[in-house]
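Residue numbers start at 1 and run along the sequence shown. Just so you know, ligand 1 is whichever comes first in the structure, and atom 1 is the first atom listed for that ligand.
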Amino acid sequence: MVVTSRLRHVIESQQFSRSVLEDLIARADEMKREPHRFIGRLAGQVMAALFYEPSTRTRLSFEAAMLRLGGQTMGTDNAREFSSAAKGETLEDTIRIVSGYADVIVVRHNEEGAARRAAAVSSVPIINAGDGPGQHPTQALLDLYTIRDELKQIDGVRVAMVGDLANGRTVRSLTYLLSKFKDVKVWFVAPPQVAMRDDLKAHLDEHRVPWIETQDLEAVLPEVDVVYMTRIQKERFADPDAFNAVKGVYRIDQGTLALMRKYAILMHPLPRVDEIAPEVDADPRAAYFRQARNGLHIRMALLDRLLS
Ligand code: CP
C-alpha cells in the first residue's frame, strides 16, 4: 500500500489527488475483504463526533469505523441543543476545547464553511461530515468507491445527478471528485429553482469535463451508467411555497427504472423521501443500500490513513 501525500484535515473534495483517492480505495478494499487484519489498528486513539445537524449513516458509520479499528468514540448528537453552543459558545471555542480531548474530530454543521473554520483552530484533524449546502467529502469518497465497486472503473463513467442540486452537498463533492478522472460526462437534471450552482459548472469547464443541464430525466436515463438521485431538501427552503413547487418533481419507479441501461446503477446518498419507490429496492441496479454499507469501509480507510 503506497502512501502518496499527507492528509491532515478533510474539508472539501478538491483537496484529494487522484493518487490519494486510489490509495483510499485500495485500503477500503482491504478493510472490506480482510477486516480481522485491522483490529486494534487505532487502539488508544479517540474520535469526537460533533453533529449540529441530524445524521444516521455518517455519524454511525464513522463510529463503527473507529470502533472496528480498535479506537474509541465520544461526541454529541444535536450539538446545537446539547453542547455549550446552546449557551452561546462559538464553534471555534468548542473545537479548541475538544481538540484537547480527541485525536480526530468529525463535524457536521448547518453552515457552509464551518469545517474550514474548525480546521483553522484545531490542533487535531478535522473531518467535514457535511457543512450546510457546502460539501460532504466523505460521502463523495464512498460514492466514488461504490462506482468503482459496482462498475469496475471510474474513467469513462457517464453520471446523471438528479434532484436538489443547489442544496445537494453530496452532489457537489462527488462532482469535484469525478473531475479528477478521465472521459467522465455529467448530466445535471433539476428544475431551475434548484439548479446546480455556477461555480461547479465553471470548475468542470476548467477541467474539460463535459456537462449538460436539463429538466428531462426520462431523456437522460437511457444515456447514463449512474443515476444519482437526491432528495429535495425541505429544511433548506425558507419559503414553504418554494419547496412545494419542486417537491416530488422526479421519481424512479418501475416505469422510469425500465428506461435505465441494463448494467447501470441507481445511487442515492439517503435518506430518501419519495424520489425512489420502495418497489425499486429489489432490482439489482438499486445500489443505494450497498453504497451506504461502503461508507463503513471507506471511513475505516480514511481514519486509518489520518491516524495510523
Ligand atoms: N448520506 C448521509 O449523509 O446520511 P446521514 O444524513 O444519515 O448521515
Tell me whether Glu53 reaches ligand 1 (any heavy atom closer than 4.0 angstrom to a ligand atom).
no
Residue and atom name of the nearest protein heavy atom (relative to atom 6 (O) of ligand 1), distance in Å to one decimal:
Arg108 NH1, 2.9 Å
Any donor-acceptor pair under 3.5 Å linking the side-chain atoms of Arg299 with those of Thr138?
yes
Is Arg236 salt-bridged to Asp164, cutoff N-O under 4.0 Å?
no
The single option from Leu174, Asp131, Ile127, Val10 passing side-chain contact (heavy atoms from CB on, under 4.5 Å) against Pro137:
Val10
Checking Tyr176 now: which residues fulfil ring-ring contact (aromatic ring centres under 6.0 Å, His included) with it, not counting sequence neighbours?
His203
Look only at interatomic distance and state if Pro271 has a nitrogen or oxygen under 3.5 Å from any nitrogen or oxygen of ligand 1.
no
Less than 4.5 Å apart, any side-chain heavy atom of Leu144 and any of Ile298?
no
Ligand-residue contact atoms, ligand 1 with Gln139, heavy atoms, under 4.0 Å:
1 (N), 2 (C), 3 (O)
Please work out whether any backbone atom (N, CA, C, O) or any side-chain heavy atom from C-beta onward of Thr170 is under 4.0 Å from ligand 1, and answer side chain, backbone, both or neither.
neither
When you measure from atom 7 (O) of ligand 1 to every protein heavy atom, which one gives the shortest distance, and what is it?
Thr56 N, 2.7 Å
Between the candidates Ala292, Pro269, Ser55, which shows the shortest non-hydrogen contact distance to atom 8 (O) of ligand 1?
Ser55
Output a table of donor-acceptor pairs, distance under 3.5 Å, between side-chain atoms of residues 65-78 and any protein atom two or more places apart or on a different chain; print 'none' if there are none.
| residue | atom | partner | partner atom | Å |
| --- | --- | --- | --- | --- |
| Asp77 | OD1 | Arg59 | NH1 | 2.1 |
| Asp77 | OD2 | Arg59 | NH1 | 3.4 |
| Asn78 | ND2 | Glu81 | OE1 | 3.0 |

Does the N or O separation between Arg57 and ligand 1 drop below 3.5 Å for any pair?
yes
Using a 4.0 Å cutoff against the non-hydrogen atoms of Thr58, which atoms of ligand 1 qualify?
2 (C), 3 (O), 4 (O), 5 (P), 8 (O)
Near Leu270 (heavy-atom distance under 4.0 Å), the atoms of ligand 1 are 1 (N), 2 (C), 4 (O)
Is there a donor-acceptor pair under 3.5 Å between the side chain of Asn110 and the backbone N or O of Glu53?
no
